[in-house]
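Structure first, then comments.
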Amino acid sequence: MEENPGIKPRSLRDTSAQYIKGVGPRRARLLERLGIRTIEDLLFYIPWRYEDRKNLRNISNLSIGNHETLLAEVVSADIITTPRKKMKILEIVVTDGSGFLKCKWFNQPYLGKYFRKGQKVILSGVVKGYPDTNRFRPALGPDFGLSALSSGPEMENPDFENLDNEDGFIHTSRIIPIYRATEGFTPKQLRTLIFSTITQYSPLIKDYMPEDIIIRNQLVPLKKAVKEVHFPEEFSDINVLNQGLSPVHRRLIFDEFFLLELGLAMMKKKEEAEAGISFKRESALVDKFLKTLHFELTNAQIRVFDHIRQDMTRTVSMNWLIHGDVGCGKTVIAVLSMLMAVDSGYQACLMAPTEILAEQHFINMKRMLDGFGLDIILVTSSTKKQPMDMISGGKAQIIIGTHSLIQEQMKFKNLGLAVIDEQHKFGVVQRANLRRKGFNPDILIMTATPIPRTLALTLYGDLDISVIDELPAGRRPVQTKVFFPSQKDRAYSLIHEELSKGRQVYIVYPLIEGSEKLDLKCAVEGAEALRKIFPGKKIGLVHGRVRQDEREKIMSSFKAGDIDMLAATTVIEVGVDVPNASLMLIVHAERFGLAQLHQLRGRIGRGGYESHCLLMAYPPFGEDAKRRLKAMTSTNDGFKIAEQDLDIRGPGEFFGTRQSGIPELRIANLIRDIGILESARNEAFALTGEDPVLKKYPLLRDTLYTKWRGRLELIKS
Ligand code: ADP
Ligand code: MG
């Protein structure tokens, strides 16, 4: 390989990919779309799958129904227009001497330019055809009329790669990597580029991992891992590679987790050095509140609050996560904890993910704490200066709001406790931000989404977890059924039935207003229609564009029973609490996410009445939608729903790791690799115990800061 004379990279990390031979500024910009900026990024751009081109199939041995890969030569290429539908089909015929294969691409006539006669091409796809392929065996001879191929083996829309004579070595005769491509780079071009980058630059890869960690965890050397994750060793198992379970994958996954955990470990070290607040254990407000409750706490609620209370009295700062299914009564725990903080002379805040939920909490708090003589304040985007002064001056004791509560301009006098409701995106980085603003409050996170412990530790740092695994007595599981538009009348009569019993009803729509493009039912028109279908009933309408005070009024009258039916968008997804509501109709249920459906359903079944959730689904809809609806009708258990959701959406989406501020995981899979995560976490914490600022490992420290892209600045000082 020819050396690039232009540059001598100081390090792979600091050198832009544009200096790689054959890249240049224009293609470098295209690479950026794949997240590749530096030479190092390119080396770590991992293939998403592999293809075994060692043992290519002969056409005569193709098995119908299997995914096969073969090397052949183009015999003919034609574009055929179907007479009726005017569809353009590109048909090529290829041969490898053992037989002929026909390949078709639909409505992509421009692909024709890739297939001149005699061109060698690798094809990969599912074989179709008829069992009687014997007729195309070579015995028939290559001159056999092509027209007879009309019933031979075929592939539809196979992946293909043209081969030139000189590049057979990179692209065939071995297990080859397949990359996700982008404009300007086919998978094959990426393969060529990465091959030459490895050849030229891999000697510069330095292993930053401490030797004893490598030995203890039987890690392959980094250089080897980087080379072979792209171009695997001769005897590698293609299945193991494709599952990301090879030793070279393991090394790279370990490193990703290790660098993540190392950052967390350092944050934690810093945090431990700072004292937290020790609240008074005895609280008259707490006692008073418990007396005013018109129900008994469940055993689970008692246990969880005991833990929290104990932790709040300690001098280290608290970081607690409560899991508990929708409706298990997390809010009460929040109120108790906040009262404890207030009784010790601190402010407490409750952060909700949406404005409407914040408003709901605000209304509830004011009602529950009526007569306590406390100043409770709601902060929204339109909050004026005067209430702000109450917060910074310390007059306001309980502050409810959205994320705006932790924004720069927000000033608390002495925030002691922050409760974060239904929020998966408040992770370690956000917590570090909060601390940097000058207070070190205890934190209580409440979520309905169960996550594995190790993962919770990773997303939230060092925290304690408790589960409220019990619903208040008298809850009835909600009956959930799927309805199709043709069954509308049946749904309406169920609604009538509930209304006539004095119950109330939610109707949930995917949109506020109709969109011509999507033709979906929407809340505004829906409410109009409902007024005609249910004359004499009071129908309310809430959505994100209703003014806040108006919204508050509508919600209060719904709660008071003055409104019979509430037409709404998902603004009511969480937190809304009207025990008399016993039926929810979700329009276009096929368009909602599973977690969302479960949250919505959690609004009913709260009052001890038999309750119904009607999922109105508009066909046609896809597999995933089917699975979501099935999950909803088969269980009411939030933990089972979450498992299904994870399965359908995949971990990145599900856990919202993308927004959590921790370094992105590119190779590691939070579910598949949880065992590796545990080892990496242990090693990282042990290492910071022994060498808190990585004095002995400058290369590792460097790598760490690069990976966290400045977010670790928070802990540097
Ligand atoms: P979530 O955990 O979903 O946030 P909430 O805190 O909103 O649940 O509680 C749901 C409803 O259950 C509320 O109306 C609340 O007053 C009620 N609730 C909470 N705890 C109990 C209990 N121990 N017994 C009876 N009802 C309860
Ligand atoms: Mg809640």
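Remember, it's 1-based here, ligands and their atoms both numbered in the order they're listed.
Relative to the ring axis of F372, K288 places its NZ or CZ within 45° and under 6.0 Å from the centre. Geometrically, R503 engages Y609 in a cation-pi contact, judged by NZ or CZ lying under 6.0 Å from the ring centre and within 45° of the ring axis.
Outside the 6.0 Å centre-distance limit, the rings of F484 and Y618 are not counted as a close aromatic pair. Here F534 and H496 bring their ring centres to under 6.0 angstrom of each other.
Of all atoms in ligand 1, numbered sequentially from 1 with element shown, those under 4.0 Å from a heavy atom of E296 are 22 (C), 23 (N), 24 (N). Near T298, with a cut-off below 4.0 Å to any heavy atom, the atoms of ligand 1 are 23 (N). Near R606, meaning under 4.0 Å from one of its heavy atoms, ligand 1 places the atoms 3 (O), 7 (O), 10 (C), 11 (C). Close approach of ligand 1 to L297 (heavy-atom distance below 4.0 Å) involves ligand atoms 23 (N). In the vicinity of V326, heavy-atom distances shorter than 4.0 Å reach the ligand 1 atoms 3 (O). Contact atoms of ligand 1 toward T331: 4 (O), 5 (P), 6 (O), 7 (O) (distance under 4.0 Å to a heavy atom of the residue).
In this model, a donor atom of one side chain and an acceptor atom of the other lie less than 3.5 Å apart for E498 and S582. In this structure, a donor-acceptor pair under 3.5 Å is absent between the side chains of R314 and S278.
Paired with L444 under the rule side-chain contact (heavy atoms from CB on, under 4.5 Å), one option of V419, L321, N319, L350 passes, and it is V419. For the side-chain contact (heavy atoms from CB on, under 4.5 Å) with M340, the qualifying choice from I308, V335, T313 is T313, the only one to do so.
Only the side chain of D577 comes within contact range of ligand 1, with a heavy atom under 4.0 Å; no backbone atom does.
Of the polar atoms of P579, none of the N or O atoms is found under 3.5 Å from an N or O of ligand 1, judged by distance alone.
Ligand 1 has at least one atom lying under 4.0 Å from a heavy atom of C328. Taking 4.0 Å as the cut-off, H294 does not count as a neighbour of ligand 1 on heavy-atom distance.
Of the candidates P472, A473, G324, P472 brings a heavy atom nearest to atom 25 (C) of ligand 1. Taking each of E470, Q599, R475 in turn, the one with a heavy atom nearest to atom 17 (C) of ligand 1 proves to be R475.
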